[in-house]
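For reference, the structure is listed below as structure tokens.
Below, read A as the first sequence line, B as the second, and so on, with proteins coming before strands; counting in each chain starts at 1. Atom set for the values below is all heavy atoms of this structure, side chains included, hydrogens, waters and symmetry mates excluded. This is a predicted model, so every value here is computed, not measured.
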Amino acid sequence: MQPLKIYNTYTRDISLFTPISEPFVGIYLCGPTVYGNPHMGHVRGPVVFDVLHRYLKHIGYKVRLVRNITDVGHLVNDSDEGEDKIAKKARLEQLEPMEVAQFYTNAYHSMLNQLNVLPASIEPRASGHIIEQIEMIETIIANGYAYESNGSVYFDVLKYSKNNDYGKLSGRVLEDLIAGAGNEVRELEGQEEKRNPNDFALWKKAGPEHIMQWSSPWGNGFPGWHIECSAMSKKYLGAQFDIHGGGMDLLFPHHESEIAQSTACTHQNPANYWMHHNMVTINGQKMAKSLNNGIGVDEFFAGNHALLEKAYTPMTLKFFILQAHYRGTLDFSNAALQAAEKGLSRLLAAHQTLQNITPSSASTIQVDDLLNKCYAALNEDLNTPILIAHLFDIVTNINYLAAGKQTITAEDLEKLKTGYETFVFDILGLQAEKSNNNSHLDGVVKMLLDMRVEAKANKNFALSDDIRTKLTALGIEIKDGKEGSSYSIN
RNA sequence: GGUCGAAUGGCCGAGUGGCUAGGCAAAGCUCUGCAAAAGCUUCUACAGCGGUUCGAAUCCGCUUUCGACCUCCA
């Protein structure tokens, strides 16, 4: 088993990953709220945690990955009178609330498929676990850490913090939170029902305008934002599991509250390792609706957004994300994306080259050393940029081998092939781009390339160059190689 | 205002005390009828000012700039 070290937000250090019950690993990821099309901010989490998922499996763990779908309980905006976010959208579109949730769940799955992200073991929906959430709330009340007020149930943060470190995960001090820090006072609905402004809702009373509501011991309502993750992680992974992941924006209050709820219910901190990926910016600015720079995933792949110079493929996006470490911010720009696009194609081209290497009686390159460096990079808190740097070292060596500047034995060659494919395809989850050429076009272009070869053979360079120039003008680039000509469509 | 984090070469982005990633771009070379593609080579940076040290991008302090979060709200 590889010694994987990961950064734990809870302890704020990098430590060796040790599962509770080897070889089993339980992971819970906070999934999307399905009320809109996935945008660029939604892709990073799935991609970085996919590498974690794939790597754990590769080094021999049996992983259960749970990623929820949030389809209840979120509000449209502050001006809204507490109407469920999904219900609001449903009314506008004249659709059933669950139809809206399903529509955007499908869109999310489509994105994951395009990015070649492995499916979750279990993908529970909040709306399908109302009973579990109610039971958990009842236990928390029975344990004395929550109270009912006017049909809603709130978590008693002050009481909890007497015996527990509320704020440890997100690095907050409750006294500071209570003080309010002097910023503008936010108008939160139901604030007067709370014993303390820091208390958060476990269950919220629903008015008649709520299309999505359920009956409960406290009347009709819907679950609070945080309780679904606590209830579903407990159900499928147990009161205590290995890794809980999500975006840094969820640190507070979401994950902090999860810890408080779960601890108040089960007397255990739910997760041993808390992992958080950083956020995405574009051209140095944060993505925000007000800046009109939020890019939908579909727009990104189609290239039809004002900030995009061209379309980028899912694999380019994935490779681009993995070229940065997951705990740093990541800036989108056309220049950076095009750099990633070219780098990726070089990485994939080397895989093709590797297939044509002829073995020798001796190796002049150190295959074990090259591959061990790749493992070491991932073991150091999933450092994919370092891994990719080492893969490019391998690329250079592959090209040396192809040029005859280095030699390799058959045994080492096999090891190199297997290792390279393991890292590129199995662990990073990259794949060759699907060719979207239709067979008619392919046949026509190949015919023109054949004619060009013939013209060149006859020293009719005027004709051969004419074919090249006209194809280039159509966006078809000719690449002459030793083995003949190929082309790509730009 | 508070808390946390970040500032690296033309661009992106690793690196936590000496051995100074990687990708893209650029330049040179190889290949080639020419060009492109592909491959090889080259390109020594760490926001500013102090300090610690034999030695700092890396540790400490201050300054500047930027980002995330600050409770039902993506």
Side-chain angles (χ1 to χ4, degrees), chain A residues 9 12 32-33 35-36 39 41-42 70 73-78 82 85 152 154-155 157 167 170-173 176-177 179-184 186 188-191 194 197-202 204 222-227 247-254 256-257 276 278-279 281 284-289 294 319-320 323-325 327-344 346-347 349 353 377 380 383-393 395-396 399-400 402-403 405 456 459 461 464-465 468-469 472 477-482 485-488:
Chain A
T9 312
R12 296 186 183 259
T33 303
Y35 72 94
H39 61 260
H42 288 125
T70 298
H74 287 232
L75 307 177
V76 171
N77 57 42
D78 293 335
K85 180 163 289 197
S152 295
Y154 296 98
F155 188 87
V157 171
S170 56
R172 269 152 232 270
V173 179
D176 294 345
L177 292 171
N183 58 343
E184 77 275 19
R186 296 176 61 163
L188 298 172
E189 192 222 346
Q191 198 67 285
K194 299 178 182 179
N198 298 291
D199 294 349
F200 55 87
L202 297 174
K204 203 73 177 133
F222 54 91
W225 177 29
H226 318 298
I227 195 70
M248 276 186 179
D249 55 339
L250 298 179
L251 258 175
F252 191 89
H254 186 55
E256 195 70 62
S257 300
H276 293 91
N278 215 318
M279 312 312 284
T281 59
Q285 290 183 301
K286 70 170 178 176
M287 273 197 192
K289 283 177 196 162
F319 183 71
F320 172 71
Q323 269 194 305
H325 185 71
R327 284 194 287 116
T329 54
L330 178 62
D331 188 53
F332 277 79
S333 68
N334 283 285
L337 284 162
Q338 283 161 32
E341 185 174 53
K342 292 185 180 176
L344 173 62
R346 188 154 171 252
L347 205 63
T353 306
E380 198 61 35
N383 200 321
T384 52
I386 295 284
L387 166 62
I388 289 169
H390 291 316
L391 289 175
F392 278 112
D393 284 344
V395 168
T396 301
N399 290 328
Y400 281 149
K405 289 183 180 175
K456 280 165 68 172
K459 302 262 193 257
F461 296 122
S464 68
D465 288 352
R468 183 173 68 197
T469 306
T472 304
E477 182 181 42
I478 293 180
K479 301 174 179 182
D480 292 336
K482 278 169 277 182
S485 299
S486 60
Y487 70 95
S488 67

Can you tell me the distance, in whole Å, between the [atom1] atom of [X] and the [atom2] atom of [N]?
X	N	atom1	atom2	value
A:H276	B:rA68	NE2	C1'	12 Å
A:L347	B:rC24	CG	P	10 Å
A:K405	B:rC29	NZ	C1'	10 Å
A:L330	B:rC66	CG	C1'	16 Å
A:L344	B:rC12	CG	P	20 Å

When rounded to the nearest Å, what value does the distance between [atom1] atoms of [N] and [M] take?
N	M	atom1	answer
B:rG17	B:rU52	C1'	11 Å
B:rU58	B:rG15	P	15 Å
B:rA57	B:rG48	P	11 Å
B:rU16	B:rA47	P	15 Å
B:rU65	B:rC31	C1'	48 Å
B:rA56	B:rC46	C1'	11 Å
B:rC43	B:rU20	P	12 Å
B:rC34	B:rU41	C1'	24 Å

Counting heavy atoms from C-beta on, name the nucleotide in [options] closest to the side chain of [X].
X	options	value
A:K342	B:rG22, B:rG15, B:rC24	B:rC24
A:F392	B:rA37, B:rG22, B:rG13	B:rG22
A:I386	B:rA68, B:rA14, B:rC40	B:rA14
A:R12	B:rC40, B:rC4, B:rG22	B:rC4
A:F252	B:rC12, B:rC70, B:rG39	B:rC70
A:D249	B:rA37, B:rA68, B:rC24	B:rA68
A:D480	B:rC34, B:rA37, B:rA14	B:rC34
A:P385	B:rG15, B:rG13, B:rG67	B:rG13
A:R346	B:rG22, B:rC24, B:rA68	B:rC24
A:M279	B:rA68, B:rC12, B:rA14	B:rA68

Any non-hydrogen side-chain atom of A:H276 less than 4.5 Å from a side-chain atom of A:L251?
yes
Return the CG to CZ distance between A:L344 and A:F319, rounded to the nearest 0.5 Å.
5.5 Å
Can you tell me how far CD of A:E256 sits from NE2 of A:H226, rounded to the nearest 0.5 angstrom?
10.5 Å
Base, sugar-phosphate, or nothing for [X], non-hydrogen atoms under 4.0 angstrom?
X	value
A:S464	base
A:A389	base
A:A403	nothing
A:H254	nothing

Quick one: on RNA chain B, does A:G343 or A:L251 contact a more 5' nucleotide (nearest heavy atom)?
A:G343
Which sits closer to the 5' end of RNA chain B, A:K459 or A:H42, going by the nucleotide each is nearest to?
A:K459
Residue-phosphate contact under 4.0 Å: A:N278 side-chain N/O, B:rA6 OP1/OP2
no
N or O in side chain of A:K456 less than 4.0 angstrom from B:rC34 OP1/OP2
no
Please check this pair: side chain of A:H390 against backbone of A:L387, looking for a donor-acceptor N/O pair closer than 3.5 Å.
no
Donor-acceptor pair, side chain of A:D480 and main chain of A:S485, under 3.5 angstrom
no
Does [N] have a Watson-Crick or wobble mate here (both distances under 3.5 Å), and if so which one?
N	result
B:rG9	none
B:rU3	B:rA68
B:rA38	B:rU30
B:rA57	none

Specify the closest pair of heavy atoms between A:G343 and A:F392, including all atoms of both residues, with the distance to one decimal.
O-CZ, 3.4 Å
Report yes if a donor N or O on one partner sits less than 3.5 Å from an acceptor N or O on the other, where the partners are the side chain of A:D465 and the base of B:rG33; otherwise report no.
yes
Looking at B:rC34, does its base get a donor-acceptor pair with the side chain of A:R468 below 3.5 Å?
yes
